[in-house]
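Worksheet: one structure, shown below.
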Amino acid sequence: MPAMQVTRQCVVALTWTLQDTLGETLDTLDAPVEFLVGGDDLLPAIEQALQDKQAGDTLDLHLEPERAFGDYDETRVYLLARNRLPADIEPGMLIEAASLPADALADATPGALLTVTELYPEHAVLDGNHPLAGIALRLHLHIAAVRPATAEELRRKSAGAGFFKLERQGLV
């Protein structure tokens, strides 16, 4: 029986090394992690590259920002008075824009996730860009396994990994 090929609505188990164009390693997955192809788990450029591949295949991808997390948008960086934020806020924390006072960030998308990048005595810097926005990426992928997606995974549009999106869990 031939090995299952990657198609839309299957689950792939991947390992990878993610680097910037200078060769600095940004992330490594040594143990396989499952992602739903055709859902919300992977970038479209990665899904496209995986099509018709099978377990055991490797790929080397170069993704310019527009095919990865977009260009860095300075209009998505906000200064907010510190007294408008929770007292226990720390750099690196995520805040959902909708959880802030209605008039705090009038031009932010309500569902946007903002990363606290800097804290000062009187204000905080919040960044609505993905942490990898504006960065060209090199991705060395290994397909460890391919299997059909379950009905539950298709309903959720995820195999549960969600590496490529900022997660809403653990928000301030």
Side-chain angles (χ1 to χ4, degrees), residues 3 5-80 89-97 105 107-109 111-120 124-146 149 157-172:
Q5 289 187 322
V6 175
T7 60
R8 285 190 56 75
Q9 300 189 326
C10 74
V11 173
V12 294
L14 302 173
T15 60
W16 68 53
T17 300
L18 177 66
Q19 297 177 320
D20 63 18
T21 54
L22 298 176
E24 181 181 336
T25 298
L26 305 173
D27 187 64
T28 302
L29 278 182
D30 292 323
V33 174
E34 290 188 328
F35 298 90
L36 177 65
V37 176
D40 295 333
D41 290 347
L42 294 168
L43 295 169
I46 296 172
E47 287 193 0
Q48 183 180 10
L50 288 170
Q51 292 301 305
D52 301 323
K53 303 292 188 249
Q54 60 189 19
D57 288 349
T58 60
L59 296 113
D60 286 304
L61 305 176
H62 177 87
L63 303 176
E64 289 298 323
E66 61 271 9
R67 293 186 66 217
F69 298 99
D71 290 319
Y72 190 84
D73 183 355
E74 290 182 17
T75 66
R76 297 181 73 193
V77 178
Y78 308 94
L79 292 178
L80 189 62
I89 195 110
E90 294 180 19
M93 288 183 161
L94 291 177
I95 297 177
E96 193 164 9
L105 301 173
D107 57 341
T109 307
L113 293 178
L114 308 165
T115 303
V116 178
T117 58
E118 298 177 64
L119 287 177
Y120 298 97
V125 179
L126 306 177
D127 191 340
N129 289 288
H130 188 283
L132 297 176
I135 299 174
L137 301 171
R138 291 181 186 161
L139 189 59
H140 176 77
L141 291 168
H142 173 75
I143 302 171
V146 181
K157 295 184 176 182
S158 177
F163 171 84
F164 288 102
K165 56 187 184 261
L166 297 177
E167 295 293 325
R168 285 181 154 61
Q169 59 197 5
L171 293 176
V172 174

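The distance from atom CD1 of I135 to atom CG of L63, rounded to the nearest 0.5 Å, is 12.5 Å. Remark: L114 CG to E96 CD distance equals 9.0 Å, nearest 0.5 Å. To the nearest 0.5 Å, atoms CD1 (I143) and CG (L50) are separated by 5.0 Å. In this structure, CD in Q51 is found 12.5 Å from CD1 in I46, a value given to the nearest 0.5 Å.
For the residue pair A68 and L43, the shortest heavy atom distance occurs at O-CD2, 3.4 Å. Of all the heavy atoms in R8 and G38, the pair that sits closest is NH1-CA, 3.4 Å. Closest approach of A13 to P32, counting heavy atoms only: CB-CB, 4.0 Å. When all heavy atoms are compared, the tightest approach of A144 to A55 is O-CB, 3.8 Å. A pairwise comparison of heavy atoms in L29 and L14 identifies CD1-O, 4.1 Å as the closest pair. What you find for C10 and V146 is that their closest heavy atoms are SG-CG1, 4.0 Å.
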Practice task
Verify side-chain contact (heavy atoms from CB on, under 4.5 Å) between I95 and I89, making sure each step is shown before the conclusion.
Solution key: CA-CA 9 Å; I95 297 177; I89 195 110; 3.1 Å; yes
Exercise for the section: Starting from the C-alpha separation in whole Å, work towards a yes-or-no answer on side-chain contact (heavy atoms from CB on, under 4.5 Å) for L18 and T25. Expected result: CA-CA 6 Å; L18 177 66; T25 298; over 6 Å; no
Practice task
Step by step, work out the side-chain contact (heavy atoms from CB on, under 4.5 Å) result for L137 and L26.
Solution key: CA-CA 9 Å; L137 301 171; L26 305 173; 3.7 Å; yes
Exercise for the section: Please lay out, stage by stage, how V33 and W16 fare under the test side-chain contact (heavy atoms from CB on, under 4.5 Å). Expected result: CA-CA 10 Å; V33 174; W16 68 53; over 6 Å; no
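Looking at residues two or more places apart in sequence or on another chain, you find a side-chain contact (heavy atoms from CB on, under 4.5 Å) between A149 and V11, L36, E153, L154. For Q5, there are no side-chain hydrogen bond (donor to acceptor under 3.5 Å, both in side chains) partners at least two apart in sequence or on another chain. For D57, the side-chain hydrogen bond (donor to acceptor under 3.5 Å, both in side chains) test picks out no residue, with sequence neighbours left out. Legend: residues meeting salt bridge (charged side-chain N to carboxylate O under 4.0 Å, His left out) with R67, ordered by chain and number and at least two apart, are absent. Evaluation of the side-chain hydrogen bond (donor to acceptor under 3.5 Å, both in side chains) rule for D30 yields no partner, not counting sequence neighbours. In this view, E64 and H62 satisfy the side-chain hydrogen bond (donor to acceptor under 3.5 Å, both in side chains) rule, not counting sequence neighbours.
The backbone N or O of T115 sits nowhere less than 3.5 Å from a side-chain atom of D127 that would complete a donor-acceptor pair. Put simply, the side chain of D41 gets close to the backbone of A159: a donor and an acceptor are under 3.5 Å apart. In this structure, S158 contributes its side chain and D40 its backbone to no donor-acceptor pair below 3.5 Å. Listed for the E34 side chain is no donor-acceptor partner under 3.5 Å among the backbone atoms of G160.
The neighbour count for Q48 CD, taken as heavy atoms of other residues, nucleotides or ligands under 6.0 Å away, does not exceed 12. By the neighbour-count criterion of 12 heavy atoms within 6.0 Å, atom CD of E74 is sparsely surrounded, having that number or fewer from other residues, nucleotides or ligands.
Side-chain contact between V116 and L126 is present, with heavy atoms from C-beta onward closer than 4.5 Å. Taking the side chain as every heavy atom from C-beta outward, R138 and T17 never approach each other to under 4.5 Å. Taking the side chain as every heavy atom from C-beta outward, Y120 and V125 approach each other to under 4.5 Å.
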